Q: 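Starting off with a structure, shown below.
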Amino acid sequence: MYFKKGIQMKLIAKKGAPLEQKTACLVLGVFEGKLKEEQLAGVDGLTNGAWSRAVRSKEFGGKAGETLLLHCGAAAKTQRILLVGCGKEAELTLSAVRQFGSDVAKHLAEKQQTSFTLVPLPVKKATVVESLQALAEGVLLADYRYERYLPQDKPGRTALLNNVTLLLAAGEKPAEAEAAIATAEAICAGVCFARDLVNAPGNLKSPEYLAMQAVAMAEQAGIDAKLLDYEELEREGFGAMLGVAQGSERPPYLVVLEYRGGAEDEKPVALVGKGVVFDSGGISLKPAEKMDEMKMDMGGAAAVFGAMLAAAGLKLPLNLVAVVPAVENMPSGTAIRPGDILTSLSGKTIEVLNTDAEGRLILADALTYVGRYEPRTVIDLATLTGACIIALGNQAAAVLGNNDALIRALIKAGEHSGERLWQLPLWDAYAVQIKSDFADVKNTGGRPAGTITAAAFLQTFADQYRWAHLDIAGMAWADSAKAGQPKGGTGYGVRVLVEYLRGLVK
Ligand code: BES
Ligand code: MN
Ligand code: ZN
């Protein structure tokens, strides 16, 4: 089996009084300045006064991220109580709740506490369902690891979670809570699938491997899959994509997935993802330092596949099509050279000034190809430019496009899902930088505004439909671990895409 479900834990919701739960650990969020709430007086009763002693000695003040683990007396049904600081109540956001879920899950798993009961935190500006979904996502995402190449019994290995219970207050409806959990599970299955794909090393992850993972996922999720192999790509005229692929021993594939949840005649939303399984730079070779990270250059493809899996899991009543060009960018005697001119699928010619600007070449053909579906909207995701990391760092992806309403909707979905986007301008004036003397366009616009000129290049192939481009170069890979996000692939893009798609059917 190619594709396994990443998360094994049982996550349920039930009603009950927090301090009367039979559980190994009860987790309570505590707001700054609210250390004397009624429930916390009860904690004192169960812990023989340890709670108020800790507060008095200033061991705990409720600041975001603070924790205090107390053991209960033998008579209590609850064995332990974990108090977690949540900062100021008025400032609580969905992102903070998601992070709270991750912090708690990581903290307890490291203490071998794999089963616990959590009292959810309601976000004032969101619904109960949204708050529960964010909390569940936080817990689920903290349980992800990539351990394919590690021994099962690695010493000091953090335990995986077993049973997590979300405790509902009197007015909350269990059916709604279960729906929120199911939504979170579907989304996180997509995120974890994407993370697995990004984390897979380059030797395993040929274009064929990426394609077969997508096909296997599609089969399990009830999505139609089709592959275009080298011969078909050549017959069709994918000249830009094949130009990139020609330096590698490992042949390219175009992956096309179709999910039909909407009406027969409804035009699809199209998702396009950059699938460079390894980007050495080609003849314009990258420096050695951090070249290993270029196995993540298919982060856009991973996000698109993860979003398709989640959309199918959620049974979204929409038609979707995903297009991923999967290639490897390598230097060799057969590789494209700087100065080569390629004829793209659109018929437009491209002067290749830098073989390391390969993402836009393969996307040019993918964006042309997806036009055959007469999509109502096209969103592409790509780890496209280092310049994007210079502009936005690792806090947001850049969004650019030809339709402001679409961009606004994506930014909103990003805010809501915790995957931020920030718009960069795509004024006509930038197109001057990609004018070529020998072809219709050239594939680099020099150093100024590198993220924008890359998008301007894509725009020349995306002029037939409503289109937005997400440059996720700074977001697909995490250099260091934090709760909810181990070092490595992030699965960035799945959550914002799914949130956007869910918004279309609300
Ligand atoms: N995949 C890289 C962009 C990238 C860099 C992603 C660092 C993630 C982290 C892309 O193919 C690339 O090499 N872009 C060049 C474009 C330039 C040659 C115009 C870049 O950004 O330097
Ligand atoms: Mn490159
Ligand atoms: Zn690249």
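Only this structure's heavy atoms are used, side chains among them; waters, hydrogens and symmetry mates stay out. Everything quoted here is computed from the prediction, not taken from an experiment. Both ligands and their constituent atoms are indexed starting at 1 by order of listing.
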Q: With 2.8 Å as the limit, jot down which protein N, O or S atoms are around the Zn ion (ligand 3).
A: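 Metal shell, protein only: Lys274 NZ, Asp279 OD2, Asp297 OD2, Glu358 OE2.
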Q: Step through the shown structure and confirm whether more than 12 heavy atoms of other residues, nucleotides or ligands are within 6.0 Å of CZ on Arg420.
A: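 No, because the 6.0 Å sphere around CZ of Arg420 holds 12 heavy atoms or fewer from other groups.
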Q: Which heavy atom of Ala398 sits nearest a heavy atom of Thr451, and at what distance?
A: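 That closest heavy-atom pairing would be CB-CG2, 4.1 Å.
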Q: So which atom in Ile434 and which in Thr453 form the shortest heavy-atom distance, rounded to 0.1 Å?
A: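 Scanning both residues completely, I find the closest heavy atoms to be CG2-O, 3.9 Å.
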Q: Cationic tip of Arg376 within the cone over Tyr465's six-membered ring, i.e. under 6.0 Å and within 45° of the normal?
A: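 So Arg376 doesn't make the cation-pi contact.
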Q: Between Ala387 and Gly450, what is the shortest heavy-atom contact and its length?
A: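 Closest approach of Ala387 to Gly450, heavy atoms only: CB-CA, 3.9 Å.
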Q: Test side-chain hydrogen bond (donor to acceptor under 3.5 Å, both in side chains) on Gln485 and Tyr144; report intermediate values, then the result.
A: CA-CA 8 Å; Gln485 175 58 68; Tyr144 174 83; over 6 Å; no
Q: Taking side chain to side chain donor-acceptor pair (under 3.5 Å) as the cut-off, I'd like each qualifying pair that reaches into residues 471-484, sequence neighbours left out, listed once.
A: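 Non-adjacent pairs meeting side chain to side chain donor-acceptor pair (under 3.5 Å): Thr385-Asp471.
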Q: Would a 4.5 Å heavy-atom cut-off, applied to side chains only, mark Leu345 and Leu233 as touching?
A: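 Result no, sub-4.5 Å side-chain heavy-atom pair not found.
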Q: Restricting to under 2.8 Å, identify the protein N, O or S atoms around the Mn ion (ligand 2) as residue plus atom.
A: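 Protein N/O/S atoms under 2.8 Å of the Mn ion (ligand 2): Asp279 OD2, Asp356 O, Asp356 OD1, Glu358 OE1.
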Q: Counting only heavy atoms not in Tyr149, do more than 12 fall under 6.0 Å of its OH?
A: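 For Tyr149, atom OH is crowded (more than 12 foreign heavy atoms under 6.0 Å).
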Q: Ring centroids only, cut at 6.0 angstrom: are Tyr230 and Tyr253 within range, meaning strictly under it?
A: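 No, the ring centres sit 6.0 Å or more apart.
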Q: Classify the ring geometry between Trp427 and Tyr430 as parallel (under 30°), tilted (30 to 60°) or perpendicular (over 60°).
A: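 Rings of Trp427 and Tyr430: parallel, under 30°.
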Q: Do Lys348's NZ or CZ and the ring of Phe461 fall within the cation-pi criteria of under 6.0 Å and 45°?
A: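 Yes; both conditions hold, so Lys348 lies above the ring face of Phe461.
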Q: Would you mind telling me which of Leu406, Asn403, Leu271 makes a side-chain contact (heavy atoms from CB on, under 4.5 Å) with Thr377?
A: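 Only match with Thr377 under side-chain contact (heavy atoms from CB on, under 4.5 Å): Leu406.
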Q: Can you pull the residues with any heavy atom under 4.0 Å from ligand 1?
A: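 Its neighbours under 4.0 Å (heavy atoms only) are Lys274, Asp279, Lys286, Met294, Met296, Asp297, Asn354, Asp356, Glu358, Arg360, Thr383, Leu384, Thr385, Gly386, Ile389, Thr444, Ala473, given by chain and number.
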